[in-house]
Amino acid sequence: MGAKYTKRSEDYSKWYNELIERADLAEHSDVRGCMVIKPYGYAIWEKIKEVLDAKFKETGHDNAYFPLFIPKSYLSKEAEHVEGFAKECAVVTHYRLKNSDNGEVVVDPEAKLEEELIVRPTSETIIWNSFKSWVQSYRDLPLKINQWANVVRWEMRTRLFLRTAEFLWQEGHTAHATKQEAIEEAEQMLHIYADVLEQYMAIPVVRGLKTASERFAGAEETYCIEALMQDGKALQAGTSHFLGQNFAKAFDVKFADKDGALEHVWATSWGVSTRLIGGLLMTHSDDEGLVLPPKLAPIQVAIVPIYKNEDQLNAISEKVAILKKNLSEKGISVKFDDDDNRRPGWKFAEYEAKGVPVRVAIGPRDLENEKAEVARRDTKEKEIVDWSTVDQYIVDLLDEIQENLLTKASDFTQENTTEVNSYDEFKKVLEEKGGFISAHWDGSEETEQKIKEETKATIRCIPLNRKQEAGNCVYSGNPSEGRVLFAKAY
RNA sequence: CGGGAUGUAGCUUAGUUCGGUUAAAGUGCUCGUCUGGGGGGCGAGAGAUCGGAGGUUCAAAUCCUCUCAUCCCGACCA
């Protein structure tokens, strides 16, 4: 019988790890904290990339590429920024190896770099060093650059996709003539992220602002999207920063306005990473494996033939070829799995584990009746469908699955967002129910810190759409102008 | 960087307490065969210098010393 896997209800993080292994998304590398993204996992990342990249270009951004290595001196130009990242930077100190006397490869002590290089944890500094020479006039603005890259942050504790020492991401960096324009850019990108998560990944998010303590090092304001995972913990899925003139001043990036006056430019940066895949997994997947929204599934339809001999397989293959062609013409990716080494039952389980949204089974019985069995991954329902209408049925079903996943996840987020009005209630809900807790907060860092220490819950964000509502802080009783969202987070 | 644990076949593990034939099993892999509508049955086969180095002993996966690596728990984080 089937292999036994951990259920979500038994041990959520074990389930998560097994899910990734089962679906063949990624594996641990021998390098501590690093992962190997396997083809199926990478295919999902490529889908995400494709969607985002198109949106970036639509909104006037150009891709470019900056070096992996950053001179140490650059990092120290913006004081807060260094402080934020210093503890997790990998440093290159030498540029050569040699053979030692006993035949081992060792670092050549002679080959010490004069200035050490930092492996980028993010690229603000090296990019702003370039921007300095790219920007002279208001005619050069706005400057809107994006790069797809890997970055390294030497994390203590890592988890596949959610937090790894090296990860893939995109980082946008823009320069603007006015503060207002920069803020609008940061907000625009936040909304693009939110739309992509909701419309493509079927992950509902809360759009908000970070508190000062959770803000990006070097930013004036950090916008974020927060999503709620099945186990009631929050995941920061993307951030967008208004950087003010901090980097412009640190790197002396000035432009001449129409009157010839020199001013520092205003900046933003924004990014999402392979962490999104972790969020995708923890939003939709179940005990049988991955559940992928059709818009991101590398394989949208898997067709499994059931046959006893070659004649039957040939007859099935002939029919399937037509279906496959019809679906492909509609932009649907189809895999016909006629691998004779695996039996149908094995394939069913396999495509479930991989989260393929729709599975079609066709055997001798169906051939005779002019039918096919169509199964949907999200609800695991099966339907016997007339062969003549099966292609339209699948097209509609894919849309329905996409919609259903978002609805289900939205309902979950709503049901697990709880308003509380006292600290006792706060602790009780956090303990028993989890999820987002919407509570009044007095705006002070001390209160935020105390709550974090006592409950491990942090302020995930100040929702952008929160209503102005006078109230009293659940912790201190001091006046508050509105509710913020607390949660335990990944 | 503190506290705890583990390294044995591709993977998961048994064996280590108390040293003793040819290191065992499940799974995966290869071949054959019967099969095929929910992770198949039977038969055969390949696959391990027991993390590494040194030591004790007639004899080491097992005991000792050192070393390397990984995992878990804490402080840090997209």
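Side chains included, hydrogens not; waters and symmetry mates left out as well; all remaining heavy atoms used. In what follows, chains are A, B, ... by sequence order, proteins preceding strands, each numbered from 1. All figures in this text were calculated on a predicted structure; none of them were measured in a lab.
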If I take atom [atom1] in residue [X] and atom [atom2] in nucleotide [N], what distance separates them, rounded to the nearest angstrom?
X	N	atom1	atom2	answer
E155(A)	C77(B)	CD	C1'	4 Å
E226(A)	A78(B)	CD	C1'	10 Å
F348(A)	G40(B)	CZ	P	12 Å
N341(A)	G40(B)	CG	C1'	14 Å
K233(A)	A78(B)	NZ	P	15 Å
R163(A)	A75(B)	CZ	P	13 Å
W154(A)	A75(B)	CH2	C1'	19 Å
I225(A)	A78(B)	CD1	C1'	11 Å

Exercise. Below 4.0 angstrom from OP1 or OP2 of G40(B), is there any side-chain N or O of R343(A)?
Worked result: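 For G40(B), OP1 or OP2 has a side-chain N or O of R343(A) closer than 4.0 Å.
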Problem set entry | Below 4.0 Å: OP1/OP2 of C73(B) and any side-chain N or O of R157(A) | yes
Donor-acceptor contact present, side-chain [X] to main-chain [Y], <3.5 Å:
X	Y	answer
R153(A)	K87(A)	no
K347(A)	D339(A)	yes
K427(A)	E454(A)	no

[N] to [M] separation - [atom1] atoms, rounded to the nearest Å:
N	M	atom1	answer
A75(B)	U16(B)	P	38 Å
A60(B)	G3(B)	C1'	31 Å
C76(B)	U13(B)	P	31 Å
A61(B)	A53(B)	P	13 Å
G51(B)	A46(B)	C1'	24 Å
A44(B)	G26(B)	P	13 Å
A59(B)	A14(B)	P	29 Å
A24(B)	U65(B)	P	30 Å

Exercise. Can a cation-pi geometry be assigned to R120(A) and F66(A), taking NZ or CZ under 6.0 Å from the six-membered ring centre and within 45° of the ring axis?
Worked result: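 Negative - R120(A) is either too far from the ring of F66(A) or too far off its axis.
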Exercise. Think K354(A) forms a cation-pi with Y351(A), using NZ or CZ under 6.0 Å from the six-ring centre and within 45 degrees of its axis?
Worked result: no
Give none if [N] has no partner; otherwise give the nucleotide forming a Watson-Crick or G-U wobble pair with it, both distances under 3.5 Å.
N	result
A75(B)	none
A48(B)	none
C42(B)	G32(B)
C58(B)	G20(B)
U70(B)	A5(B)
A14(B)	none

Select base, sugar-phosphate, or nothing to describe what [X] touches, counting heavy atoms under 4.0 Å on all strands.
X	result
L162(A)	base
Y307(A)	base
K382(A)	base
Q236(A)	sugar-phosphate
F216(A)	nothing
T222(A)	nothing

Exercise. Would you say the side chain of D340(A) and the base of G36(B) hold a donor-acceptor pair, judged only by whether the two atoms sit under 3.5 Å apart?
Worked result: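 Indeed, a donor on one side and an acceptor on the other fall under 3.5 Å apart.
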For this session: Assess whether one donor atom and one acceptor atom, taken from the side chain of R359(A) and the base of G38(B), lie less than 3.5 Å apart.
Result: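 Donor-acceptor pair under 3.5 Å: yes.
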Exercise. Do R215(A) and S213(A) have a side chain donor and acceptor closer than 3.5 Å?
Worked result: no
Looking only at side-chain atoms of [X], point me to the closest of [options].
X	options	result
K456(A)	C29(B), G36(B), G74(B)	G74(B)
A361(A)	G37(B), G39(B), A78(B)	G37(B)
R153(A)	G39(B), C77(B), A78(B)	A78(B)
K308(A)	G39(B), G36(B), A78(B)	G36(B)

For this session: Please determine which of H241(A), H61(A), H173(A) meets the ring pair (Phe, Tyr, Trp, His ring centres under 6.0 Å) test together with W270(A).
Result: H61(A)
Seminar exercise, completed: Of F161(A) and K380(A), the one whose nearest nucleotide on RNA chain B sits closer to the 5' end is K380(A)
Exercise. Closest nucleotide of RNA chain B for I362(A) versus for R215(A): which of these residues is on the 5' side?
Worked result: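 Of the two residues, I362(A) wins.
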Exercise. L290(A) pairs by side chain to side chain contact (heavy atoms under 4.5 Å, CB included) with which of L281(A), V356(A), L280(A)?
Worked result: L281(A)
